[in-house]
Structures are given as structure tokens and as C-alpha cells.
Protein chains: 2
Amino acid sequence: MPRTSAAVPRPRRITAAQVAELAGTSVATVSLVVNDKTAGRVSTANIERVRAAVDELGYVVDHTASSLARGTSNIVILIAPDLSNPFYGRVISGIKDELGSEFQLLLSITGEGRNPSAADVHRLIALRPAGILVEAPDDAFLRDLPAGAPLVLLDAPGRETQAVTVNFDLAHGINALLDHLAERGHTRIGYLDSRTRTETFELRRILVETGAAARGMEYVSRPEAASLIDPDAAAEAFLEHWPAWRESGVTALVCATDSHAYGVLKAARDLGVRVPEDLAVTGFDNLPASAIVSPALTTVELPGEALGRGAVRALQAQRLSPEPVTAPLLGATLIVRGSTA
Amino acid sequence: MPRTSAAVPRPRRITAAQVAELAGTSVATVSLVVNDKTAGRVSTANIERVRAAVDELGYVVDHTASSLARGTSNIVILIAPDLSNPFYGRVISGIKDELGSEFQLLLSITGEGRNPSAADVHRLIALRPAGILVEAPDDAFLRDLPAGAPLVLLDAPGRETQAVTVNFDLAHGINALLDHLAERGHTRIGYLDSRTRTETFELRRILVETGAAARGMEYVSRPEAASLIDPDAAAEAFLEHWPAWRESGVTALVCATDSHAYGVLKAARDLGVRVPEDLAVTGFDNLPASAIVSPALTTVELPGEALGRGAVRALQAQRLSPEPVTAPLLGATLIVRGSTA
DNA sequence: CTGAAAGCGCTTACAG
DNA sequence: CTGAAAGCGCTTACAG
């Protein structure tokens, strides 16, 4: 939206001065009352007068002026690489829940798995946020991020030393998944990666690779097998790589997300590859549709709401004390359905 | 997140005064340069000096102070009733696209189809937003909404007289859907509604009802058949109402969204109801998973990204001139898949 | 073209 | 307990 000189006049807003006049107090007293800082500083009589005046006039503290005076706003920023993955909807719900109505959530999305540019980040810092949450950051981004607000990383395994981080217990979920595949007799495993190069996907791949080896299964490496988090893109990737996987004897394909797996299911159906008879398919997330696709999808459930809530709690802990907080890992649970059994 | 006195000191930020000093100009000149208002008011030499100083110091205009001085911020607020429907992800993408980097998107979600309370809205207005976008508002909400910023409604048919509104051409999509069902020989049609009581769902139901009658089909009214926008909730609703629908001879069930239809597909499978032989099922949205569920879902595609983009454009038009703008209806296209054929 | 100054609406020491 | 006043960091008439 191009910037324009607003042609529409804004209605006059009620100010603390008007409240003070009606209540017969000073502006300072109004501020103390509306901010609940009256303890031992404002008489009961004045508290009541101010409250009455606030109600009568419908006064609301101007966030802009308040933020300028206090040096910080009530805005919490969530920086996420994408929104096409429905998984983020859950994370956002969790964040909103825990944030309450005191703070506002501002969304910064850049799409296609990219992180915001340095200029974008500067614009965000200029809002004087009360906190910044970053989902799946990359290296360059963390290097450029100017200190300016409490920071919490979400789903960024390996970054625990750089900032407070809230993570899933991926190892637990992936071990359960590989145990399940080994039990089912699979010996060669393929992996369809996400093209967004973030730590969480890096770790998922590595855990599958090392876990497969530990169970005597062969991990058939195919680094080019990757797509955006989108069923259509994943279907295309599968069509391209399936011949090589089949050639290598792959009978189980682990996908980086449920959205990837959806595309694989569709492409497999189009090719006449039977799931799970010819190929077992699994995902991560456990999106609502995973119980309904056909065959239903075996997946490692990642509790997105808990991630959002945990991040806000970590932010709050950081505001209270600057010492780094270690958040417990959030459970990742294997859900077995028809796509592997 | 409970409010706390920040214990972490904020780093000093660069101010316009520091830039002015380094550049050897006044603060006023710095402001003119960084806001691109130099035409005929700042010499080339000073423009360059200021630019150099800005770069050297890494100066960024403080959004808070700027908003206070100008009386309006660069924040655009999106008020949406829910985020569980992946459809909103698309709308948000469209909004971000069209908004560009100049404006920031602030998300206000209240969950479960409710609109924000009057108190919530006041807190939002206190941010002095550059604009407010409201997805699927209800009556009470629009009545309480204080004038305070340009307003645009999304997917709110029938509200065109109350505010600038961007809508889908639901009639077109629904007519195509009913033609398709009539051709397939269906004579009795059921409807699984959304429990969120917003205009768009009201209109979908009415158009199906009147359109069915116009084609000589019977609309089997069952107002209690409604659920939240969630496959599990929809599955439960279907289990409850299917006996009555079957009794009434219903052979086609139109669902208010794809997410509703997913639940129906799952519940039908559990009951042994064959789709489409025993029951044809349709949705609205065309989410990515709709091509992958089994059977694949016939649905009326609603272009969410276009909705988001159109809303931002309408906002911009409103900022330029207060006269109401009529946005063209956005195409709604029937997509036929296995669930009806 | 330039800059001093008022003003945006708060919050917070400070003096009483 | 109370209020006058400084200050937050900008933008914008205004006088030159």
C-alpha cells in the first residue's frame, strides 16, 4: 500500500487532560489510576473520581504516547518465515492465548521460508516491541538482529546458546517413528526435506539419518529431494525423485511436514504407487487433515499451541530476569495411521 | 503474559538529534529527508549530508514518536474471528503482499468465531492504526466499533452500506455447484452450516436453499446441523444428523467450508456411507488438502489471497478519498472432484 | 532553503 | 497523597 497523506480527518480523542479536568485532579493522578499504580500514592476518593470520569468519557490511554514515554510498547512481534503451513495457525493461537489482552501480536511474515531483511527488522525494532518471537530463524538473520527487545526463538534446535529457545523433543518422536518403521520390516528409508533451510528441518533429517543407521536400516541420501511446504510442490518433487528412490529399494519415505506428505500421497496415487504396500509415507505436525487424507497419515505430532504458549512464557521470564531460561522440550508423539500400516 | 516492570535495560537508540549533529543540520531537516519530503525544501547538499549520517549511525525513525506527532501509526489491524481455518492464511498472505513493507500488520484474533469485545477494540484503536480490516464481522461488533481509522470489511455480504466491503461472488459459485448437483440427478440436498454466525455463512445457506428450489430440488432444512470450522467438530455433527438426512432422502450434502467437509468424509467412511455413491459431499475454499483427501473434494474455490489484496486496495482508496468505494466481487469457481462424481 | 519552537499525549521523578 | 514540570523523539507550521 503506497503511503498517502490521509485525506480523512480523524475524530478528536479523549485525553488524560480531559479526564483530569472532569475528575478535578491532575493528569499525573489520572495516569497512576489507569495504570494501577495507586498503591500508597492516590487517595481512595481520587481513585473513584478518576474511574468515574474515565467511564463517563470513555477514555483509553493512547498507546502511542504511552509507549513513547515509557520507552517500550505493548506490542509483541512474531517473525515467521511462512504462513502457508497451517501448523503456524496453532502456534499463533497458543501465543495469543498466553499473551492475553494486555499485549498485541504483530505478525511479520516474509513468505517462502525467507527471514526478514535487515531493513525489515529495523522497522520492527522501531515499534519498540515488548518482545520478539522468531520461528525457525536462520544464521544471517540472528547475526543481523539488533538488540532492542527480549528475544525468544521457537523451534530452533541448536540455537540455545544464542538466545532463549523453545523446542520440540524431536529425538523422542523420531525414535518412535523409526522403531515403528523397523518393526514393519523397512530396511531402506528415503527423506523428503523442506526447502526452507532452518535448524528444525536440518535436525529432523539428521535424526532420521543417524536413527536409521542405529537400527540397521539404510538411509538413502538424496539431498536434492526437497520442496517448499506445500502439497503441490511436494508432489512435483516426489514425481522427480521417486524413480531413483524405487531404484534404491526405498520402501518408506519420511517427509519433513504433513503438507509434504499430502503431496506425496497424491503423486503416489497418480503414479499407481500403493501406500503403504509399495511405499510407507510419514509426516510431521499432525494437521487436522492428516486423519482424513487417504490413506490416513502416520505422523509425528508437534504441539504447536504449546510451542506458542511456551514461547510467551519464556519471554515473560526474560523480562523478569535477564538470566537465560531453559525451557523444557515439548513432547513430540508418534501417531500411527494407515499410511504405514 | 502478566505485565511486569522490565528488568532488562534497553540499549540507547540513535535519535534524529544525533543525526542532525553529525550532518550539521537541524532535526527538522533530518525529518524531511528521512520522510522524503525534501522537494523544494532541502538543498541537495543537505540531503546528502543527512543520508550519509543516517547510514553511518544506522538511524531509524522511531515509530512511536513519529506516530504520536503525526496522529496515526503505520499499523494496519486485521480482526479475524479465528485462525483454525487454513483459509485465513491465504487472506493474510494477500494482505501482507499488498501492504508492502511500509505498513505493519497487527493481528487480532479472538477464536471460536467471536468478535473482539468493546474493550479489545478500544485497545486496538489506541494504537492509532492506519486502517482496520475486519473479516466476517457480526452486528454487535460493527455497532460498537468506534470511528478511529479507515475501515474495510472482508467477506461480509450485505454490509456494503455500513462500510467499504470486499466480497466473493458467492452466487456465481453456488449456482454452478447446484447446476452440477442437479445434473448428477440429486433431488434432495442437505446443508452443514458453520456455527459462527456471520453474514457470509448466512448467505451461503440462503443461496443454496433458494437455488435448490429454483432448480426443482428440495432443500432439507436442518438449522441445528452446524459446527465450528474444524473437521472433528464437523464429523461429530454429521454423525448426529446423518440419520435424519438419510431418512429425508438426502443424497447431497453441501458443507459451509472444506474443513467441515473433511469431517464429513471421515465420519461417512467410519459409518460405511459411500461417497459419492450414497452421498455427494461439497465444500467451500479449495484448501490444498482438498485435492488429496479421499475422495477428493468438490468445492467452490474462494480466492483468499485476492480477498486480502482487494481489502488493502480498498483501504488505500479510502485514505485517498472518503467517498465509499465499491469493490468488484471476487470470482468463486466450482471445482469438481471425486466427492460428487 | 533553514532552524527554533510548539505540540503530539503520555509517564515519572521531584518537591511539596 | 498531590501536582507542576520535564522529557520521551518525532513532525510541522512558522518566521526568516
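Order of the sequence lines fixes the chain letters, A, B, ..., with proteins taken first and strands second; residue numbering starts at 1 for each chain.
Between the C1' atom of dT11(C) and the CG atom of Asp62(A) lies a distance of 13 Å, rounded to the nearest Å. We find that CD1 of Ile47(A) is positioned 13 Å from C1' of dT2(D), with the value rounded to whole Å. Taking atom CZ on Arg70(A) and atom C1' on dT12(C), their separation rounds to 12 Å, with Å as the unit. Whole-Å rounding puts the Leu32(A) CG to dT2(D) P distance at 10 Å. dC8(D) atom C1' lies 14 Å from atom NE2 of His63(A), rounded to whole Å. When rounded to the nearest whole Å, the span between CG of Asn74(B) and C1' of dC10(D) equals 13 Å. Regarding Gln18(B), its CD atom lies at a distance of 11 Å from the C1' atom of dG9(D), rounded to whole Å. For the pair Arg13(B) CZ and dC10(D) P, the interatomic distance rounds to 9 Å; values are reported in whole Å.
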- Nucleotide pairing, DNA chain C (Watson-Crick or G-U, distances under 3.5 Å), in dot-bracket with [ ] and |: |||.||||||||.|||
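An OP1 or OP2 oxygen of dC1(D) is reached within less than 4.0 angstrom by no side-chain nitrogen or oxygen of Ser43(A). Checking the phosphate oxygens (OP1, OP2) of dG9(D), no side-chain nitrogen or oxygen of Thr15(B) falls inside 4.0 Å. Residue Ser66(B) has no polar side-chain atom (N or O) positioned under 4.0 Å from OP1 or OP2 of dC10(D). OP1 or OP2 of dT2(D) sits under 4.0 Å from a side-chain N or O of Asn46(A). Using a 4.0 Å cut-off, some side-chain N or O of Ser26(A) falls inside it from OP1 or OP2 of dG3(D). The phosphate of dT2(C) has neither OP1 nor OP2 within less than 4.0 Å of any side-chain N or O from Thr25(B). Between Thr29(B) and the phosphate of dG3(C), there is a side-chain N or O to OP1/OP2 separation shorter than 4.0 Å.
Of the candidate nucleotides dT12(C), dG9(D), dT2(C), dT2(C) has the atom lying nearest to any side-chain atom of Val42(B). Taking only side-chain atoms of Val27(A), from C-beta outward, the nucleotide of dG9(C), dT2(D), dT11(C) with the closest atom is dT11(C). Checking dT12(C), dG9(D), dT11(D) against every side-chain atom of Asn35(B), the shortest atom distance belongs to dT11(D). Closest to the side chain of Leu68(A), out of dC10(C), dT12(C), dC8(D), is dC8(D). You'll find that the side chain of Ala28(B) is closest to dG3(C), out of dG3(C), dT11(C), dT2(C).
Of the two residues near DNA chain C, Ala17(A) and Ala39(B), the one whose nearest nucleotide lies more 5' is Ala39(B).
Summarising the geometry of Ala130(B) relative to Thr72(B), their closest heavy-atom pair is CA-OG1, 3.9 Å, with the distance given to 0.1 Å. Residues Asp120(B) and Ser101(A) approach most closely at OD1-CB, 4.0 Å, considering heavy atoms.
Counting heavy atoms from C-beta on, the side chains of Phe87(B) and Glu135(B) come closer than 4.5 Å. Here the side chains of Ile75(A) and His63(A) are in contact, with some heavy-atom distance below 4.5 Å. In this structure, the side chains of Ile132(B) and Ile125(B) come closer than 4.5 Å at one or more pairs of heavy atoms. Between Leu124(A) and Gln104(B), some side-chain heavy-atom pair lies under the 4.5 Å cut-off.
In this structure, a donor-acceptor pair under 3.5 Å is present between the side chains of Ser26(B) and Thr29(B). Side-chain atoms of Thr200(A) and Asp155(A) include a donor-acceptor pair closer than 3.5 Å.
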